[in-house]
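Values below: every heavy atom of this structure, side chains too, minus hydrogens, waters and symmetry copies. Worth saying up front: this structure is predicted, and the values here are computed from it rather than measured. Residue numbers count from 1 along this sequence.
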Amino acid sequence: MPTLALRRLCVSLLLAGAAMLPAACSQQEPAAEPTEAAAPEAPSGIAVTEGRLVLPPVGGNPGAIYFTIVNGGDADVQIAAANVTGAGMAMLHTTRTEGGTTSMAHLTQVPVAAGETVSFAPGGMHVMVSDLGPGLTVGSQAEVTLTFADGDKVSFPAEVRAAGDAT
């Protein structure tokens with residue numbers, strides 16, 4: 001049977017080891033050298049032109065983004081989401097007129113078939129943007145990123161224009 005001194009020594013060593021455990025666990029590996037993240041590649045053959053963000057006539061209201069997307073590739077794609085630098089929210093929308101009443105409807109996806117061109121234009125499809133930041137002023141540019149259903153992305157600049165200047 002161990003002596004009292006030996007028991008105290010064992011208990012002291014266990015307590016000392018337990019006290020060092022949190023410090024040992026919190027040690028971190030040296031930071032790796034920063035690397036530049038590769039931007040996601042656009043699907044083959046996808047090109048976006050004529051990007052423009054039209055500010056709302058009344059501050060605080062949503063604006064709209066219009067553009068033309070060309071699918072010169074061999075595969076159909078589906079636009080699933082949009083993100084706009086400097087805006088809090090962006091949603092794919094379309095304008096519909098039924099029974100003399102015009103309204104907007106959220107789109108969950110927008111198909112762009114191989115070999116086709118799709119226009120996001122006033123009176124039709126658009127990206128509705130809200131919570132516009134102060135940096136989005138007439139003459140500046142916003143970066144728009146479209147995300148496709150398969151996770152691929154394409155980014156393009158959108159010239160910021162005044163209300164009523166969608167063309």
Side-chain angles (χ1 to χ4, degrees), residues 28-167:
Q28 297 177 355
E29 291 293 317
E33 288 295 315
T35 57
E36 189 172 313
E41 301 238 354
S44 179
I46 296 294
V48 181
T49 60
E50 302 173 346
R52 59 218 185 270
L53 185 162
V54 181
L55 295 173
V58 176
N61 285 348
I65 295 180
Y66 306 111
F67 57 91
T68 300
I69 183 167
V70 177
N71 184 352
D74 296 331
D76 297 349
V77 297
Q78 300 274 336
I79 302 170
N83 183 40
V84 180
T85 302
M89 182 188 71
M91 294 176 62
L92 301 170
H93 269 200
T94 191
T95 304
R96 293 187 177 147
T97 302
E98 294 178 18
T101 302
T102 301
S103 63
M104 284 187 281
H106 174 72
L107 298 171
T108 56
Q109 291 189 348
V110 176
V112 185
E116 285 195 3
T117 298
V118 174
S119 293
F120 282 61
M125 289 186 291
H126 57 279
V127 175
M128 186 176 77
V129 290
S130 60
D131 302 325
L132 301 173
L136 295 174
T137 58
V138 173
S140 67
Q141 285 193 341
E143 181 175 339
V144 180
T145 301
L146 301 177
T147 302
F148 297 93
D150 65 0
D152 284 340
K153 297 179 182 187
V154 64
S155 294
F156 62 94
E159 177 189 351
V160 179
R161 297 185 180 176
D165 188 14
T167 58

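- Under the side-chain hydrogen bond (donor to acceptor under 3.5 Å, both in side chains) criterion, Thr102 pairs with Thr97, sequence neighbours left out.
- Pairs passing the ring pair (Phe, Tyr, Trp, His ring centres under 6.0 Å) check and including a residue from residues 89-114, sequence neighbours excluded, read His93-His126.
- Not a single salt bridge (charged side-chain N to carboxylate O under 4.0 Å, His left out) links Glu116 to another residue, sequence neighbours left out.
- Residues satisfying the side-chain hydrogen bond (donor to acceptor under 3.5 Å, both in side chains) test with Glu50, not counting sequence neighbours, are Thr68.
- In terms of heavy atoms, Val118 sits closest to Pro111 at CG2-O, 3.9 Å.
- Remark: Thr101 OG1 to Arg96 CZ distance equals 14.0 Å, nearest 0.5 Å.
- Residue pairs satisfying the ring pair (Phe, Tyr, Trp, His ring centres under 6.0 Å) criterion with at least one member in residues 143-165, sequence neighbours excluded, are listed as follows: Phe67-Phe156.
- Once rounded to the nearest 0.5 Å, the distance linking OG1 of Thr108 with CD of Gln78 reads 8.5 Å.
- Here the rule is side chain to side chain contact (heavy atoms under 4.5 Å, CB included) with Val112, and of Ile79, Val70, Thr117 only Ile79 fits it.
- Residues satisfying the side-chain contact (heavy atoms from CB on, under 4.5 Å) test with Ser140, not counting sequence neighbours, are Thr137, Val160.
- A donor-acceptor contact shorter than 3.5 Å links the side chain of Asp76 to the backbone of Ala114.
- In this structure, Leu55 and Leu136 approach most closely via the heavy-atom pair CD2-O, 3.9 Å.
- Gly123 approaches Thr95 most closely through the heavy-atom pair O-CB, 3.7 Å.
- Ile65 contributes atom CD1, which lies 9.0 Å from atom CG of Leu146 (distance to the nearest 0.5 angstrom).
- Minimum heavy-atom separation, Asp152 to Pro43: CB-CG, 3.6 Å.
- Within a 6.0 Å radius of CG in Asp74, other residues, nucleotides and ligands contribute 12 heavy atoms or fewer.
- Here the closest heavy-atom approach between residue Ala162 and residue Val54 is recorded as O-CG1, 3.5 Å.
- Pro56 is linked by a side-chain contact (heavy atoms from CB on, under 4.5 Å) to Asn61, Leu132, counting only residues two or more places apart in sequence or in another chain.
- Within the model, atoms OG of Ser103 and CD of Glu98 stand 6.0 Å from one another, a figure rounded to the nearest 0.5 Å.
- Of all non-hydrogen atoms in Tyr66 and Met125, the two that sit nearest each other are CD2-O, 4.1 Å.
- Here the straight-line distance linking atom CG of Leu53 with atom CD of Gln141 works out to 11.0 Å at 0.5 Å rounding.
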Inset, instruction - Please step through side-chain contact (heavy atoms from CB on, under 4.5 Å) for the pair Val127 and Val144, ending with a clear verdict. - result: CA-CA 10 Å; Val127 175; Val144 180; 5.5 Å; no
